[in-house]
Amino acid sequence: MLIMTVLGVVGCGRSDNMELSYSADKSEAAEYEYDSEDLAVMENANSTQSRKSVPQADILNPIRNLKLIKTGNVAFESADLDATAKRISESIHKNGGYASNENESKSSYLVSRTITIRVPSNRFDALLADISVGVDRFDERDISVADVTEEFYDITARLKTKKEIEARYIQILSRAGKITEVLEVEKQIGEIRVEIERIEGRLKFLNNQVSMSTLTIAYYETLTPV
């Protein structure tokens with residue numbers, strides 16, 4: 001009987017050590033040794049995949065293909081809340097955005113409204129320009145941009161590598177003979193699937209934040225004391 005170690009894969013930033021022992025006769029051993037050569041190639045997947053995952057167009061056009069998350073917060077006084085609300089609503093519609101949250105508060109000396117807008121990133125500046133029309137001064141105007149390009153391509157490469165590993169395990173599962181072998185391979189597949197779903201979730205979140213910018217607008221009207 002022969003004992004063979006199946007897979008060792010290095011992930012980005014940490015090591016995922018997964019070992020699996022197989023029992024087989026000499027003919028099965030010869031077949032597995034061939035497969036292990038394929039698996040050995042995958043040990044370097046993380047280092048090479050990071051470079052391959054970046055499209056050539058992105059390398060040639062680094063500024064155009066940056067992954068940026070843009071957010072903004074503005075606050076100003078309004079002479080007419082309803083007129084301002086109408087102008088904001090029209091600008092949201094014109095620029096293809098939507099209001100994700102709205103609230104209003106009132107005290108004895110002022111009425112204030114706050115609206116959070118999600119808008120396509122390429123329309124963020126146009127929306128902000130529309131909102132600024134008629135505003136004499138901003139009490140607050142804070143625009144920030146976060147560059148997540150490196151993280152985006154890093155997790156894209158990791159996702160591809162994890163899926164390749166999962167596919168390899170599925171092939172191994174089809175050749176497993178004993179119940180213990182089947183259970184062990186299925187365990188490894190379950191663990192790699194959890195990793196894939198976690199990475200996919202993060203990638204989906206980044207894509208959403210990059211494609212849609214967020215602008216929070218607070219405007220208020222001062223009341224005349226009675």
Side-chain angles (χ1 to χ4, degrees), residues 12-14 53-55 57-58 61-159 194-226:
C12 293
R14 66 181 184 85
S53 64
V54 182
D58 290 5
N61 303 278
I63 296 178
R64 188 188 68 182
N65 293 284
L66 289 175
K67 304 300 180 180
L68 306 176
I69 298 176
K70 183 178 289 188
T71 57
N73 292 278
V74 297
F76 56 88
E77 184 176 7
S78 171
D80 187 335
L81 288 184
D82 291 336
T84 300
K86 181 180 179 181
R87 187 173 77 251
I88 292 174
S89 178
E90 291 174 348
S91 181
I92 292 173
H93 179 73
K94 182 177 72 174
N95 291 289
Y98 66 90
S100 62
N101 185 50
E102 293 183 72
N103 61 71
E104 178 178 326
S105 63
K106 183 177 182 179
S107 68
S108 58
Y109 57 91
L110 65 80
V111 179
S112 63
R113 296 178 183 177
T114 303
I115 181 171
T116 300
I117 304 167
R118 301 299 308 283
V119 64
S121 296
N122 61 348
R123 301 301 303 169
F124 180 89
D125 293 336
L127 174 67
L128 184 58
D130 289 344
I131 300 304
S132 302
V133 174
V135 178
D136 296 329
R137 69 177 180 84
F138 287 97
D139 296 330
E140 177 187 3
R141 190 177 186 277
D142 180 21
I143 309 299
S144 62
V145 179
D147 186 350
V148 295
T149 307
E150 183 177 357
E151 180 185 4
F152 182 88
Y153 286 122
D154 176 61
I155 64 176
T156 299
R158 290 178 59 194
L159 179 61
V194 171
E195 285 281 327
I196 288 173
E197 291 176 354
R198 182 179 63 82
I199 295 172
E200 285 178 336
R202 179 61 180 172
L203 189 60
K204 182 178 179 180
F205 172 79
L206 287 179
N207 272 318
N208 178 265
Q209 293 299 305
V210 168
S211 62
M212 299 289 287
S213 297
T214 304
L215 178 63
T216 300
I217 304 170
Y219 56 103
Y220 62 93
E221 181 179 356
T222 304
L223 299 178
T224 302
V226 178

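All values reported here derive from a predicted model rather than from experimental measurement.
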Inset, instruction - For I117 and I88, run side-chain contact (heavy atoms from CB on, under 4.5 Å): C-alpha distance rounded to whole Å, both residues' side-chain angles, the deciding distance at 0.1 Å, then the answer. - result: CA-CA 10 Å; I117 304 167; I88 292 174; 4.0 Å; yes

Legend entry - Polar side-chain atom of N207 near backbone of L203 as donor-acceptor pair, under 3.5 Å: yes

Legend entry - Donor-acceptor pair, side chain of S89 and main chain of A85, under 3.5 angstrom: no

Nearest 0.5 Å please: distance from the [atom1] atom of [X] over to the [atom2] atom of [Y].
| X | Y | atom1 | atom2 | value |
| --- | --- | --- | --- | --- |
| R158 | T156 | CZ | OG1 | 11.0 Å |
| E150 | L66 | CD | CG | 12.0 Å |
| I69 | L206 | CD1 | CG | 5.5 Å |
| I199 | E195 | CD1 | CD | 5.5 Å |
| I155 | F205 | CD1 | CZ | 10.5 Å |
| E221 | K106 | CD | NZ | 10.0 Å |

Who are the salt bridge (Lys or Arg N to Asp or Glu O under 4.0 Å) partners of [X], not counting sequence neighbours?
| X | answer |
| --- | --- |
| E151 | R202 |
| D82 | R113 |
| R118 | none |
| D130 | K94 |

Inset, instruction - Could you tell me whether the side chains of S112 and S105 share a donor-acceptor contact shorter than 3.5 Å? - result: yes

In chain order, what residues pass the side chain to side chain donor-acceptor pair (under 3.5 Å) check against [X], with sequence neighbours excluded?
| X | value |
| --- | --- |
| E77 | T222 |
| T71 | S144 |
| Y219 | none |

Do [X] and [Y] make a side-chain contact, defined as non-hydrogen atoms from C-beta onward lying under 4.5 Å apart?
| X | Y | value |
| --- | --- | --- |
| F152 | V210 | no |
| P120 | M212 | yes |
| V119 | L215 | no |
| R137 | D139 | yes |

Legend entry - Pairs flagged by ring pair (Phe, Tyr, Trp, His ring centres under 6.0 Å) wherever residues 72-94 is involved - sequence neighbours left out: F76-F138

Suppose we screen for side-chain contact (heavy atoms from CB on, under 4.5 Å). Which residues come up paired with [X], at least two apart in sequence or across chains?
| X | answer |
| --- | --- |
| E140 | N73, A75, D142 |
| T114 | N103, T216, A218 |
| S107 | Y109, L110 |
| D125 | K70 |

Legend entry - Residues E90, R87: salt bridge by 4.0 Å N-O rule: no

Legend entry - Intermediate values then yes/no, side-chain contact (heavy atoms from CB on, under 4.5 Å), I92 and I115: CA-CA 11 Å; I92 292 173; I115 181 171; 3.9 Å; yes

Legend entry - Steps toward side-chain hydrogen bond (donor to acceptor under 3.5 Å, both in side chains) verdict (N95, S91): CA-CA 6 Å; N95 291 289; S91 181; 3.3 Å; yes

Legend entry - S78 to L81 - nearest heavy-atom pair and separation: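 For S78 and L81, the tightest heavy-atom pair comes out as OG-N, 3.7 Å.
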
